[in-house]
There are 2 protein chains.
Amino acid sequence: MAPDRNRRRIPDATVSRLPVYLRILGEQSAEGVESISSERLAELGGVNAAKVRKDLSYLGSYGTRGVGYEVDYLVYQIRRELGLTHDWPVVIVGAGNLGQALAGYGGFGERGFPVAGIVDVDESKVGTVLGGVRVRHIDELPQIVQTKRVNIGVVATPGSAAQEAADLLVKAGVTSILNFAPIVLSVPRAIEVRKVDLAVELQILSYHEQRRAGGSIHAVPGGTSRSATA
Amino acid sequence: MAPDRNRRRIPDATVSRLPVYLRILGEQSAEGVESISSERLAELGGVNAAKVRKDLSYLGSYGTRGVGYEVDYLVYQIRRELGLTHDWPVVIVGAGNLGQALAGYGGFGERGFPVAGIVDVDESKVGTVLGGVRVRHIDELPQIVQTKRVNIGVVATPGSAAQEAADLLVKAGVTSILNFAPIVLSVPRAIEVRKVDLAVELQILSYHEQRRAGGSIHAVPGGTSRSATA
DNA sequence: AGGCACTCGTGCACACGTTCACAAAGCCAG
DNA sequence: CTGGCTTTGTGAACGTGTGCACGAGTGCCT
């Protein structure tokens, strides 16, 4: 069954661009810009103007023909659609290198995703404070999730521990997972998972570099300093 | 006419999955598995078996009907296609929270992307050692790129400094950039850029959570223009 | 009031990606 | 050597995403 009757469905590709528009609109708003055209927004977002209009049209007809979009109103509508009208506390599993960086990165809380807790299996890490949050033992995960009403879990463990971490998150009641570990997590269908894998990104860049080299080992004579603004 | 006659072109979607297959195949090889079917590989990779076969078919016909794929041979072919037959040194710009985590994350070098250098504008950070690499001043960037033959740069600065960092990387001769800053970089067309944005990922999860809630939760004050962003 | 310049919203065609379904090809048993 | 079983490789159908082109509103100027 596929009862997508809930509401109008927004295409995945559009959903992934809305945060970009949102950030740009926020910056424009801070600079005092009150109205913006799809053309300008497209330029700032590095995309096609028609795509911007189509994307925004999924939210409803919030533009004014001949004028553009009212920045603040559009910010409000996008935030509403993305569910950013309230905070979404997150819990981080794994207080290693990455977990520490994530907890210390202030941008999390600023953008509506406060770190409700960070846990680790390693007793020696428990008690230390990262970014204002004390590391707790992983046994306390269910309690954190329940008391802080956490829906989103972040897996920042080594690959070998990631599946177990995900299992514990799911068992604790988390329904979305952001996975930094380089493995494919196996979770119930209802759980939404997104993966961020640095190695994959680098390997994709490697492919293009290799392709650029055209098979010969390398090329790229340094010195071609072309700086053009799109 | 075919614009890219260089070699058979591999679809982007396939390129982004090859690293996943590669990791799985490496693990299987380590476990002594000599042959694998598309079905099994699909299961481990969380994708469709037909997709696996089509993806691999872009590399050539390296499977044996009725049997499957020889793991080690496939590993070799994928590595070759991704340009992973030799190391790609990377340089990291920004020794803040994220830069430190990246430098400290050993997995970089292990996977063929040794950190050739890490630079920062902040004099107070210069000289400190992260993950075995000494932080150097950003003025030394061109020298690092040239002497170490670096093609890939990593932008790990705050958003406000990211464009400048990218400009410097391009000027130094880098041709691929992995961008962790939450802005859209403006670079010459020839430069390959990939973006990793944690906030975007979280906001996409937020969308699905909000959608899951069915909109029953929110009841935001219906003021005209409210909810300003910080 | 009327005309004009501007920009949104969207139908349509095309490109890209995914999945199915099946012939072709290899292996093995007897 | 033949027949049956397995699994690949790929043509074709389908679905999703992109970008053009243009009608439809809107506001400004005369």
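Residue numbering restarts at 1 for every chain, and letters A, B, ... go by the order of the sequence lines. What you are looking at is a predicted structure, and each value in this text was computed from that prediction instead of being measured.
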### Task
With heavy atoms under 4.0 Å as the rule, sort A/Tyr58 into base, sugar-phosphate or nothing.
nothing
_Regarding C/dT18, can its base be found pairing with the side chain of B/Lys54 as donor and acceptor, where the two atoms are less than 3.5 Å apart?_
no
Atom CD of B/Glu39 and atom C1' of C/dC20 are separated, to the nearest Å, by 13 Å
task: Check whether the side chain of A/Arg65 and the base of D/dT26 form a donor-acceptor pair under 3.5 Å.
output: no
Checking all strands, does A/Ala13 fall into the base, sugar-phosphate, or nothing category for heavy-atom contacts under 4.0 angstrom?
sugar-phosphate
Practice item. Tell me, yes or no, whether the heavy-atom count around B/Glu39 atom CD, taken from other residues, nucleotides or ligands under 6.0 Å, exceeds 12. Key: no
Would you call the rings of A/Tyr105 and A/Phe108 parallel, tilted or perpendicular if under 30° counts as parallel and over 60° as perpendicular?
perpendicular
From CG of B/Asp55 across to P of C/dC16 the rounded distance in Å is 16 Å
Check: Counting any heavy atom closer than 4.0 Å, what does B/Arg17 reach on the DNA or RNA strands: base, sugar-phosphate only, or nothing?
Finding: sugar-phosphate
Here the distance between atom P of C/dC27 and atom CD of B/Glu70, to the nearest Å, is 12 Å
Would you indicate whether B/Glu164, at its atom CD, is surrounded by more than 12 heavy atoms from other residues, nucleotides or ligands within a distance under 6.0 Å? no
Discussion item. With a 4.0 Å cutoff (strictly under), does any side-chain N or O of A/Ser37 reach OP1 or OP2 of C/dT7?
Written reply: no
When rounded to whole Å, the CG to P distance for the pair B/Leu56 and D/dT10 reads 12 Å
(request) Would you tell me if any nitrogen or oxygen in the side chain of B/Tyr69 comes within less than 4.0 Å of OP1 or OP2 on C/dG26? (result) no
Give a yes/no on whether any side-chain N or O of A/Ser38 is located under 4.0 angstrom from OP1 or OP2 of C/dC8.
-> yes
B/Leu59 atom CG is separated from D/dT8 atom C1', nearest whole Å, by 14 Å
Sorted by position of nearest nucleotide on DNA chain D, 5' first, the leading residue of A/Val47 and B/Ser61 is B/Ser61
note: A/Arg53, atom CZ; C/dC8, atom P; distance rounded to Å ~ 6 Å
Is the centre of the B/Tyr73 ring less than 6.0 Å from the centre of the B/Tyr62 ring?
-> yes
Between CD1 of A/Ile36 and C1' of C/dC8 the distance, given in whole Å, is 14 Å
In this structure, OG of B/Ser29 is separated from CD of B/Glu70 (nearest 0.5 Å) by 10.0 Å
For a quick test of reading the model: is some side-chain N or O of B/Asn48 closer than 4.0 Å to OP1 or OP2 of C/dC20? yes
By nearest-nucleotide position on DNA chain D, the 5'-leaning member of B/Gly68 and A/Ala50 is B/Gly68
When rounded to whole Å, the CG to P distance for the pair B/Leu41 and D/dT6 reads 20 Å
